[in-house]
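Worksheet for the structure shown next.
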Amino acid sequence: MGIFSMKKIILMGRSECGKTSLTQALRGEKVIYHKTQYINHYDVIIDTPGEYAENRILGRALALYAYEADVVGLLASAVESYTLYPPCITSCVNREVIGIVTQIDQPDANVELAEGWLREAGCERIFYISSVTGEGIWKILEYLREEGEVLSWEDVGI
């Protein structure tokens, strides 16, 4: 894998929305379900447990960890029946916040609903991905690529 510069992203969202699977896909790893128990720092990705977003007290830690990232990624699964994100939550951080709709490959996916939640939360840029099929992963990698860097297919591992 070639060396290139990328913005650092922190992934936030409720349990089982696909944060760790997305982390694996972005790193070119085989996607295997793994429950995240604590905040994991990888080269340019911070993977957080869903419980941090689901618990008010632990949620404060997410705000602190967001300072270590260039971009905050709010994830919403296309198969979720509710959202944790209140309207305009993105205004609470001084980082760029993107929305990521996950699990778009599922038969019962409601992409429009998940997108609506992310837009209401304040996300202007939305990505649609399937960590299993790889759909949309390259778009996030391209977005995170530092300006002036060239990202080849060999770098992505696709």
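Residue numbers run from 1 in the order of the sequence given.
Within the 4.5 Å cutoff, side-chain heavy atoms of Cys17 are placed close to those of Glu80. For the pair Lys8 and Arg95, the minimum side-chain heavy-atom distance is 4.5 Å or more. With contacts defined as side-chain heavy-atom distances shorter than 4.5 Å, the pair Leu144/Val44 does not qualify. Using a 4.5 Å heavy-atom cutoff, the side chains of Tyr42 and Thr23 are in contact. Within the 4.5 Å cutoff, the side chain of Asp70 has no heavy atoms near those of the Met6 side chain. Between Cys123 and Thr90, some side-chain heavy-atom pair lies under the 4.5 Å cut-off. In this structure the side chain of Arg119 reaches within 4.5 angstrom of the side chain of Ile126, judged on heavy atoms. Contact check for Ile137 versus Leu26: side-chain heavy atoms found under the 4.5 Å cut-off.
Note on Lys139 versus Glu142: no salt bridge recorded, every NZ/NE/NH1/NH2 to OD/OE distance being 4.0 Å or above.
The local environment of CD in Glu29 is crowded, with over 12 non-hydrogen atoms from other residues, nucleotides or ligands closer than 6.0 Å. Counting non-hydrogen atoms of other residues, nucleotides and ligands closer than 6.0 Å to CG of Leu64 gives a total above 12.
One distance of note links CZ of Arg145 with OG of Ser5; it measures 10.5 Å at 0.5 Å rounding. Interatomic distance, Ser130 OG to Ile104 CD1, rounded to the nearest 0.5 Å: 6.0 Å. We find the CZ-CD distance between Arg125 and Glu96 to be 6.5 Å, quoted to the nearest 0.5 Å. In this structure, CD1 on Ile129 lies 8.0 Å from CD on Gln103, to the nearest 0.5 angstrom. Rounding to the nearest 0.5 Å places CG of Leu11 at 11.0 Å from CG of Leu62.
Not counting sequence neighbours, Asn55 has no partner by the side chain to side chain donor-acceptor pair (under 3.5 Å) test. Partners of Glu135 under the salt bridge (charged side-chain N to carboxylate O under 4.0 Å, His left out) rule, at least two apart in sequence or in another chain, do not exist in this structure.
Residues Leu84 and Leu58 are members of separate hydrophobic clusters, defined by side-chain heavy-atom contacts under 4.5 angstrom among Ile, Leu, Val, Met, Phe, Trp and Tyr. Cluster membership check: Val79 does not share its hydrophobic cluster with Val101, using side-chain heavy-atom separations under 4.5 Å among Ile, Leu, Val, Met, Phe, Trp and Tyr. Leu75 is not connected to Leu113 by any chain of hydrophobic side-chain contacts under 4.5 Å among Ile, Leu, Val, Met, Phe, Trp and Tyr, and they are in different clusters. Tracing side-chain contacts under 4.5 Å through hydrophobic residues (I, L, V, M, F, W, Y), one never reaches Val132 starting from Ile100; they form parts of separate clusters. When the side chains of ILVMFWY residues are joined at heavy-atom separations under 4.5 Å, either directly or via intervening members, Val93 and Met12 end up in a single hydrophobic cluster.
When all heavy atoms are compared, the tightest approach of Ala121 to Tyr85 is CB-CB, 3.8 Å. Here the shortest heavy-atom pairing between Tyr65 and Ile46 reads O-CD1, 4.1 Å. Nearest approach of Ala78 to Ala114, heavy atoms of both residues: CA-CB, 4.1 Å.
Within the structure, ring pair (Phe, Tyr, Trp, His ring centres under 6.0 Å) contacts touching residues 87-135 (residues at least two apart or in different chains) are Phe127-Tyr143.
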Inset, instruction - Step by step, work out the side chain to side chain contact (heavy atoms under 4.5 Å, CB included) result for Thr48 and Lys19. - result: CA-CA 7 Å; Thr48 65; Lys19 298 176 300 298; 4.0 Å; yes
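In the model, Ser77 has no side-chain atom that pairs as donor or acceptor with a side-chain atom of Glu16 under 3.5 Å.
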